[in-house]
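Before any comments, here is the structure.
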Amino acid sequence: MNQLTFQDGRRSLRAGIATLAAIILGFASPSASEPVRKSGYAVGAETCGSGDLAFPKLRIDMKAGFCAGLVASEEDHLKFPRSIIQVPGRDLFVVADMGGWGHADGRLLLLDPRAAGGQRFKELLTGIEYPFGLVIGPDKKLYASTAETIFRFDPLADNPRGTVETIIRHMPGRRITLPDGTKLDEAAHPLKQFVFDRNGRLFVNVGAHSDDCITPAPITRPCAAAEGASAMAAIWLFTPPSGGVFPALRPNDPDPPHTIYARGLRNSLALALHPNFPDAGYAFLQGENGRDLPDIFKPNEEINAIEQGRHYGWPYCYDLSTPSPEFRLVLQSGVYKSLCSANALYKPPFSLLPPHGAPLAMLYYHGAKFPELEGKLLVGLHGYRPTGSRILVYDVDDHGFPKSAPAPVRYHVSCAADPTHNFQTEAGDVAAAPFEELIAGWHRVNGARPQGAPVGMTIAEDGAIWLVEDKNQTVIRIDRAEGDPSPPLPCDTRSQALIDQLASFVAKDAQNKIRLTSLRKNLVEKHCVGCHSDFGLKAGQSDAEKDATMLRFMLSQDGWIYPGDPASGKLRTRLRGIGAEKLMPPGGESLPKTEPGYAALLNTADLFVAKMVPGTPMRIKPGLPQRKFFSKTNKECGEIPAAKVVVVTQRNAVDKPGFSRFFRPADPYLNGECSDDDGYYIRQEFLVPVQ
């Protein structure tokens with residue numbers, strides 16, 4: 001890790017040195033107009049911000065008057081950043097970098113945005129299990145969370161670890177024991193978001209242990225893990241002693257006592273308190289990540305108005321008042337009788353959010369930079385489905401509640417699905433709080449940007465909005481922009497014609513047809529259905545129809561499969577647990593040991609992708625970091641890094657002497673303008689055989 005520097009040299013000199021270094025390394029050309037790729041974003045000479053806080057401008061679709069600048073990227077050795085907070089009174093920020101899932105490799109980093117590129121981060125604390133929450137407490141000290149603890153520390157100390165003071169030591173984390181004695185090595189929602197109110201009371205998210213608490217039918221009892229004095233799927237309340245500050249725990253001290261403030265909340269990573277809370281009538285809001293149903297438009301996510309003692313539905317109700325059919329017997333008698341429709345314990349959502357949007361950040365804006373946002377509610381949607389990847393802005397009333405509108409209320413869906421959709425439940429269209437979009441178009445566009453993945457969000461003392469993205473390893477700063485916004489970038493998804501072509505390749509390859517059937521029966525139907533819209537599979541389909549449906553579903557997903565190059569697709573990285581994202585299917589780390597043939601099945605998936613396109617796999621020759629490739633009309637289409645694999649269909653291209661023709665490479669290396677669906681061209685000398 002590079003040591004943090006606090007140099008006062010001119011930014012222009014730093015920028016010149018950085019540009020020269022990029023040219024020497026081959027990542028940029030001497031022309032300032034040519035973009036450089038950072039964390040998947042193509043950035044050029046245009047900046048967002050001013051002075052020492054001017055950063056490369058990102059091509060994402062913003063509300064008029066706003067722009068986004070790239071402060072840090074994967075080049076700064078970020079791994080899985082999840083939250084950010086400013087150090088009070090200083091132009092420095094603390095970033096929680098979780099490192100990944102399943103390992104205690106989280107870090108807290110100090111960010112100096114004015115330092116030279118590559119020298120902006122300093123490690124403060126390492127070896128942390130799942131750091132997530134970052135909050136400035138009522139004592140103006142910085143508080144952070146792990147999977148099980150909440151602690152405070154001084155990020156500016158010479159030895160930050162020596163200043164750590166733990167205030168809560170034992171909360172349900174990754175490894176838990178359920179009420180029936182079942183031990184889980186990986187609870188579904190171990191991350192701890194938390195907020196303080198004006199009186200120093202501490203509210204902590206304790207997420208549900210699973211997606212939906214469904215057990216083998218018939219289910220006759222309430223979800224045991226969500227019951228009792230230490231319920232999961234709840235918000236816990238800790239009240240400080242007189243003076244409003246929690247004492248540091250000594251080695252044998254017990255945790256401060258807690259109460260269950262609210263129940264039935266699957267995972268509360270988005271929490272916001274109005275500045276006047278807990279005065280009567282002021283808002284305490286939660287953004288609910290709903291259960292995973294296969295329908296892309298069901299269930300809706302939720303904004304809940306939190307009140308002490310109320311139940312918010314999980315796992316028995318979703319949307320406004322729709323009962324979960326698995327819990328029909330539980331809802332017929334006992335404390336949860338008619339919970340979703342006629343029980344005073346239940347409080348339905350205040351408003352619905354776009355389905356599967358995954359709200360992971362929520363705050364009220366207060367700052368001088370954007371007076372048009374003053375007092376409004378900002379919500380970040382992290383979800384990978386078309387309804388995610390955006391930042392919402394809500395008008396609120398004097399008490400901080402979003403303003404509702406009668407049905408129908410429509411929301412924008414990205415270009416991968418219907419352009420807009422009504423907020424609706426099984427009963428039809430419903431009232432909801434409409435919103436604007438601070439960031440709207442954040443879908444992937446080849447060569448221009450990856451799909452946006454906002455997690456943590458904070459407001460700096462100068463009023464700028466700061467974000468972190470975990471999947472793209474970035475820190476982003478939103479500032480004021482002059483002039484009209486840039487036109488939205490076009491949608492860039494795999495065309496239906498290309499999906500048809502790839503499906504025909506598989507249909508004509510007897511061995512790959514066998515592999516596809518094996519993947520459907522032994523992987524998708526056995527382990528994956530229910531997590532990803534059931535892969536389009538429906539009752540009554542023949543085996544051949546099921547194979548074709550599943551294949552088309554996978555080919556239409558963003559980044560799952562890059563034909564001929566299994567190492568580049570999410571299908572491989574998720575199945576094998578490579579990188580920071582969660583291993584799939586859940587519990588997959590044990591399957592190679594407990595399920596005979598599972599390891600071979602993973603190899604079958606790789607071979608299926610590698611053999612999808614007829615041709616000769618060849619590797620981009622080592623040497624310069626990037627190799628340019630072209631369309632048939634000689635348009636420059638992008639650059640492929642050395643060592644990447646492509647499938648060559650014509651070693652000596654008949655219509656372009658000196659070049660080889662290859663089938664579409666891994667899509668991230670396209671520039672978003674080429675549309676040749678069956679191949680591109682690269683100089684013959686840039687290809688070498690795959691060993």
Side-chain angles (χ1 to χ4, degrees), residues 1-6 38-39 41 49 53 55 58 68-101 103-137 141-147 150-157 160-161 163-164 191-194 269-270 360-361 363 380 382 391 452-462 464-478 580:
M1 170 61 64
N2 291 314
Q3 294 299 307
L4 189 69
T5 62
F6 297 88
K38 294 186 176 182
S39 284
Y41 291 97
L53 293 176
F55 301 102
L58 299 182
L70 183 63
V71 180
S73 69
E74 61 186 354
E75 293 181 357
D76 297 287
H77 309 292
L78 289 171
K79 298 177 182 177
F80 203 47
R82 302 285 276 173
S83 56
I84 185 170
I85 197 78
Q86 185 172 7
V87 179
R90 302 292 296 270
D91 292 332
L92 304 171
F93 295 80
V94 173
V95 172
D97 188 332
M98 218 167 79
W101 292 95
H103 308 283
D105 54 1
R107 306 173 295 163
L108 295 184
L109 309 173
L110 189 64
L111 165 64
D112 177 6
R114 289 181 165 84
Q119 300 180 6
R120 289 179 179 155
F121 286 103
K122 173 186 177 182
E123 287 188 336
L124 299 173
L125 300 175
T126 59
I128 305 173
E129 184 177 57
Y130 291 175
F132 189 84
L134 291 173
V135 173
I136 302 301
K141 293 184 178 180
L142 195 149
Y143 288 74
S145 67
T146 71
I150 294 178
F151 63 94
R152 57 180 172 248
F153 76 108
D154 181 359
L156 303 182
R161 187 168 292 278
T163 70
V164 169
L191 307 182
K192 298 298 181 288
Q193 181 62 287
F194 61 97
L269 295 183
L360 297 189
L363 53 79
H382 174 268
I391 305 294
V455 191
M457 179 166 50
T458 195
I459 309 301
E461 292 173 359
D462 67 356
I465 302 168
W466 291 68
L467 308 171
V468 291
E469 286 185 286
D470 54 4
K471 292 181 181 179
N472 302 315
Q473 299 92 46
T474 67
V475 176
I476 294 172
R477 179 180 182 271
I478 297 176

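Every residue was checked against the salt bridge (charged side-chain N to carboxylate O under 4.0 Å, His left out) condition with D154, not counting sequence neighbours, and none meets it. Qualifying ring pair (Phe, Tyr, Trp, His ring centres under 6.0 Å) partners for F132, counting only residues two or more places apart in sequence or in other chains: none. By the salt bridge (charged side-chain N to carboxylate O under 4.0 Å, His left out) test, R82 pairs with D470, sequence neighbours left out. Partners of F194 according to the ring pair (Phe, Tyr, Trp, His ring centres under 6.0 Å) rule, which considers only residues two or more places apart in sequence or in another chain, do not exist here. For E469, the side chain to side chain donor-acceptor pair (under 3.5 Å) partners two or more places apart in sequence, or in a different chain, are Y41, N472, T474. Scanning for side chain to side chain donor-acceptor pair (under 3.5 Å) contacts around T146 gives T149, with sequence neighbours left out.
Contact check for I136 versus L142: side-chain heavy atoms found under the 4.5 Å cut-off. With contacts defined as side-chain heavy-atom distances shorter than 4.5 Å, the pair V94/L109 does not qualify. Looking at heavy atoms from C-beta onward, L78 lies out of side-chain contact with V468 at the 4.5 angstrom threshold. Residues R107 and L125 form no side-chain contact, since every pair of their non-hydrogen atoms from C-beta on lies 4.5 Å or further apart.
At least one donor-acceptor pair closer than 3.5 Å links the side chain of Q473 to the backbone N or O of K471. Checked by atom type and distance alone, the side chain of E461 pairs as donor or acceptor with a backbone atom of G89 at under 3.5 Å. Between the R120 side chain and the V71 main chain, a donor and an acceptor come within less than 3.5 Å of each other.
In terms of heavy-atom proximity, A460 sits nearest to F93 at CB-CZ, 4.0 Å.
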